[in-house]
Amino acid sequence: MNQPAVLFESHSHTPLCKHAEGWPDEYATVAHQRGLKGMHVTCHNPLPDGYSAAVRMAESEFDQYVDLVAKTTDQFAGQVDVRLGLEADYVEGFEAYLEKQLNSAAFHFVLGSVHPQIPEFRRKHWQDDLLEVQKIYFEMLAKSAETGLFDSLAHPDLIKNFTAEAWDPVSILDVIRPALDRIAKTGVAMELNTSGILKTISEMNPYPAMLEEMRSRGIPVTLGADAHVPHRVGDGYITAMEILKAAGYQEVNFFLNRTRQSVAIDQAIASLEFAENSLAE
Ligand SMILES: [Zn+2]
Ligand SMILES: [Zn+2]
């Protein structure tokens, strides 16, 4: 029985961020093969004053980025719905800059990210007590939600990979719960990022106990492979949705025109399994 494509890849990159390979048409080709309905290109946003410039597009490349995605949208019309997105860093003090940037193009989806590994974050916040650094990270995560600038919070326990020796998945819940209380009040979604499997603590971000806390607060979830190479588009999605079901979720989400769209997880899994089976034939 034919299964319609229903799901989006909501996190993918381009070479403009200087640490990804492959152009959006190559990512869109994989999205099509894997049975995805669409794909957001969400490359790392430009920031002012050379802030972490080594891992993001320059301000002077922003128009090129918007044009690149628009060209890919046209190229794949009728096959895969390629939409303009952005992965925007939350940095205290840059809120007005971000607001202007996000209004300067017709974004369909904006991920908000706290990247604790970048030199500017480390210089400002790092200290010997790594539990303190973890607390600062989750405080920043809650603050990022409260700006109202973002649709979904990317890889929302990323800090564990950079403070792994001090990561206690049980006791840290005392820090995570009040942050999630604040996040839930804003209505923002949070991401289940499958690329965590490739990181120091090999599990998706966030981990299952945190997903259960998100579920109990009614926080919606978007899926992202965080693909920095084309073959990772949609990577781990079926496993991710099984993890979501185990945490009590029945729906998964993506955004169009910055408005949340929900899909039943069972339907989404069936659509991807159908595509895998037809590829194998
Ligand atoms: Zn990121
Ligand atoms: Zn990313």
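These numbers were taken from a predicted model, which means no experiment stands behind them. Order of appearance sets the numbers: ligands from 1, and atoms from 1 within every ligand. Both backbone and side-chain heavy atoms feed into the values below; hydrogens, waters and symmetry mates do not.
Per residue His13, closest N, O or S atom to the Zn ion (ligand 2): atom name NE2. Its N, O or S atom nearest to the Zn ion (ligand 2) is what matters here, and for Asp226 that atom is OD1.
At a cut-off of 3.5 Å, with distance as the only test, a side-chain donor of His44 or His19 sits close to an acceptor on the other residue. Side chain to side chain, Thr194 and Arg232 meet the donor-acceptor criterion of an N or O pair below 3.5 Å.
Note on Glu9 versus Arg34: no salt bridge recorded, every NZ/NE/NH1/NH2 to OD/OE distance being 4.0 Å or above.
Using a 4.5 Å heavy-atom threshold, the side chains of Phe255 and Ser10 count as separate.
With the Zn ion (ligand 1) at the apex, Glu87 OE2 and His155 NE2 define an angle of roughly 100° (rounded to 10 degrees).
In summary, an N, O or S atom of His11 is located under 2.8 Å from the Zn ion (ligand 2).
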